[in-house]
There are 2 protein chains.
Amino acid sequence: MSSKRIYHQYCGLAAALDILGERWTLMIIRELLVRPRRYGELLNNLPGIGTNLLAERLKFLVDEGIVAQVEVDGSRRQAYHLTETGQDLRPIVLGLARWGLHHLEDYSSEYSVRASWGLLAVEAMIDQDRVSVDEQYEFKIDDETFHIDVSDSVVHVIAGPAATPSVTVKTDAVTFVQIGAQKLSPLAATVTGKLSLEGDANAVLRACALLGLEADPLAAAAG
Amino acid sequence: MSSKRIYHQYCGLAAALDILGERWTLMIIRELLVRPRRYGELLNNLPGIGTNLLAERLKFLVDEGIVAQVEVDGSRRQAYHLTETGQDLRPIVLGLARWGLHHLEDYSSEYSVRASWGLLAVEAMIDQDRVSVDEQYEFKIDDETFHIDVSDSVVHVIAGPAATPSVTVKTDAVTFVQIGAQKLSPLAATVTGKLSLEGDANAVLRACALLGLEADPLAAAAG
DNA sequence: CTGCATCCGCCTCGATACTG
DNA sequence: CAGTATCGAGGCGGATGCAG
């Protein structure tokens, strides 16, 4: 009956995978790391998942104390969000995403892409050891706007526009992920008109360095 | 046909899970993070895996460049070991193991345990920000011996005995994991004879602090 | 005996239909 | 919009077979 498939090993990794290891589970958590989501949003951002599976996974994650439901501002609509325990998974999911970026194949139309994944891609790419001056870099990826804030040598990725951005990056989601996966250089994307960079040239170089990208001088000059 | 179940998303996490997300895959990698393993060792340390699945997973991981086969010293016996790309997964697997340790249930006999998992548990528990003096702590868990080496404020976990250990810990695998999961305090394990601590009392306290354990004065006094 | 391959029953998964 | 119910397809687990 309720014989869920678990590993039966007294080991931290086995315990983690007993909770997170099934198909779609970490993808759901990825979605909730960006922001709280409604059921329909999750369905839309996870093409291929069965509606029953999504409901079952959410119920399980709520039982495990990783996800909770909240009322959305007065209406009776509900949304799912990560508890503190769930937020603890952020560095793990970002680590997996960074590792996986290097294994992405060339883009083809059979892939689906969402702009909001760019936010997590940026977080995954950031090299905390390469912080230089305090400033902000704004990203407009399709309809999503967010920014990197460097203050007192601490880096944060924050939803919404920046107050005083040194650089503003504008592109589409596919181009952005291709750059993150090193399939496309910022220079190549700029000259083909897929990417626009506005702001101080040196700030562009610092942003590239922070994200581990080729600090291409020509890409900066194009801004 | 060869329609492997993948996510079809242009995203780093999806790419990572397309490779690592299937059942048993990360458990195999955990085994290879401890040391290179022969096929039979893997079968023995992964109770419940089908022999066909293990063979299939290994073949896939070799194709992906994460695992490679090596000749074991002259004999024609082969062993599997992680490539550099595979070793890059160490912080991720350790992060999952650390997260999962907090979700372990009480031990029961239906769990299997292996002493070698203690080595990874130690690595997962280490808090790099709590390094104090340079010294070595030796662990003898069942038939496995390894040690933590702190040199110039850098921590390494190394197989085999320590040259000059400040502390020697001796216990069984179940007790060790229970302590790591905070189900059992070092003190309680010591007074019941499950754990023996030899060495300088203050070094024991430093070792506990490094591993994020209650620095229990009585446990140190019992050494 | 080790290192796999083959076969088969079962359970998870994915798609569609259906309900409040 | 937010799920629940149902059912075919395929991944998984265990037993068995077989070659070096």
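Note that the coordinates shown come from a computational prediction; the quantities given were computed from them, not determined experimentally. We name chains A, B, ... by the order of the sequence lines, and we start the count at 1 in each one. When reading the values below, keep in mind they use all heavy atoms of this one structure, side chains included, and skip hydrogens, waters and symmetry mates.
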Tell me: [atom1] of [X] to [atom2] of [N], nearest whole Å?
X	N	atom1	atom2	value
Ile6(B)	dG10(D)	CD1	P	15 Å
Ile28(A)	dG3(D)	CD1	P	12 Å
Tyr80(A)	dC1(D)	OH	P	15 Å
Lys4(A)	dC12(D)	NZ	C1'	14 Å
Leu43(A)	dC13(C)	CG	P	16 Å

| field | Lys140(A) to Phe146(A), cation-pi by 6.0 Å centre distance and 45° axis angle | value | no
Quick check on [N]: is either OP1 or OP2 less than 4.0 Å from any side-chain nitrogen or oxygen of [X]?
X	N	answer
Tyr7(B)	dG14(C)	no
Arg23(B)	dG11(D)	no
Trp24(A)	dG14(C)	yes
Arg5(B)	dG14(C)	yes

| Counting only N and O atoms by type, is there a donor-acceptor contact under 3.5 Å from the side chain of Thr168(B) to the main-chain atoms of Glu198(B)? | no
| message | Tell me whether Tyr80(A) contacts the main-chain N or O of Val62(A) through its side chain, where contact means a donor paired with an acceptor under 3.5 Å. | response | no
| field | Residue pairs fulfilling side chain to side chain donor-acceptor pair (under 3.5 Å) with at least one residue in residues 50-63 of chain A, sequence neighbours excluded | value | Thr25(A)-Arg57(A)
| Tell me the side chain to side chain donor-acceptor pair (under 3.5 Å) pairs involving residues 115-126 of chain B, sequence neighbours left out? | Glu31(B)-Trp117(B), Arg37(B)-Ser116(B), Arg90(B)-Glu123(B)
| Looking at residues 44-67 of chain B, who's got a heavy atom less than 4.0 Å off DNA chain C? | Thr51(B), Asn52(B), Ala55(B), Lys59(B)
| request: Under 4.0 Å from any atom of DNA chain C, heavy atoms only: list the residues of residues 9-19 of chain A that qualify, in numerical order. | output: none
| field | Test item: side-chain donor near acceptor, Glu41(A) and Tyr39(A), under 3.5 Å | value | no
Mind listing the side-chain donor-acceptor pairs of residues 16-24 of chain A below 3.5 Å, one per line with the distance, residues two or more places apart or on another chain?
residue: Asp18(A); atom: OD1; partner: Tyr7(A); partner atom: N; Å: 3.0
residue: Arg23(A); atom: NH2; partner: Ile6(B); partner atom: O; Å: 3.3

| Arg35(A) with Glu144(A): basic N within carboxylate O range, under 4.0 Å | yes
Donor-acceptor contacts under 3.5 Å from residues 169-180 of chain A side chains, at least two apart:
residue: Thr171(A); atom: OG1; partner: Lys194(A); partner atom: O; Å: 2.9
residue: Asp172(A); atom: OD1; partner: Thr175(A); partner atom: OG1; Å: 2.7
residue: Asp172(A); atom: OD2; partner: Val174(A); partner atom: N; Å: 3.3
residue: Asp172(A); atom: OD2; partner: Thr175(A); partner atom: N; Å: 3.2
residue: Asp172(A); atom: OD2; partner: Thr175(A); partner atom: OG1; Å: 3.3

| said: From the set dC13(C), dC4(C), dC12(D), return the single nucleotide nearest to any side-chain atom of Glu22(B). | reply: dC12(D)
